[in-house]
Amino acid sequence: MALKDYKEFLGLLAFGNIENLVIACQGTVAHVDPIILGSLSLIAVIFWFVVGTIGTQVAIKYARVIDFMGGLIIFILGMQTVIPILSHWIGL
């Protein structure tokens with residue numbers, strides 16, 4: 001595994017994940033030192049990049065189960081959001 005194999009993904013590493021945006025927004029609101037926040041964010045991104053790379057190699061044989069569980073979890077979370085709104089809207 002050479003670094004040149006991942007060269008095309010370096011932009012995603014720095015700018016392409018939503019977690020960085022969330023962390024940056026929360027850090028700005030909390031008045032965190034931007035250098036510390038940026039450093040910790042970069043460490044977190046590199047950590048998840050490594051975990052994702054190794055984890056994908058390990059979990060690829062469970063891809064169908066993972067896809068099903070991900071869809072089911074998204075459905076359940078969506079229902080948890082919609083049901084209270086609908087019950088309030090309908091007046092239950």
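The OG1 atom of Thr81 sits 12.0 Å away from atom CD1 of Ile76, with the distance rounded to the nearest 0.5 Å. Taken to the nearest 0.5 Å, the CD1 atom of Ile60 stands 8.0 Å off from the CD1 atom of Ile66. Phe68 CZ to Ile73 CD1: the interatomic distance, rounded to the nearest 0.5 Å, is 10.0 Å. The structure places CG of Leu37 at 13.0 Å from NE2 of His31, a figure rounded to the nearest 0.5 Å. From Ile36, atom CD1 reaches atom CG of Leu40 across 7.5 Å, with rounding to the nearest 0.5 Å.
Heavy-atom minimum distance, Phe49 versus Thr53: O-OG1, 2.8 Å.
In this structure, Val82 is a member of the same hydrophobic cluster as Trp89, with clusters built from ILVMFWY side-chain heavy atoms closer than 4.5 Å.
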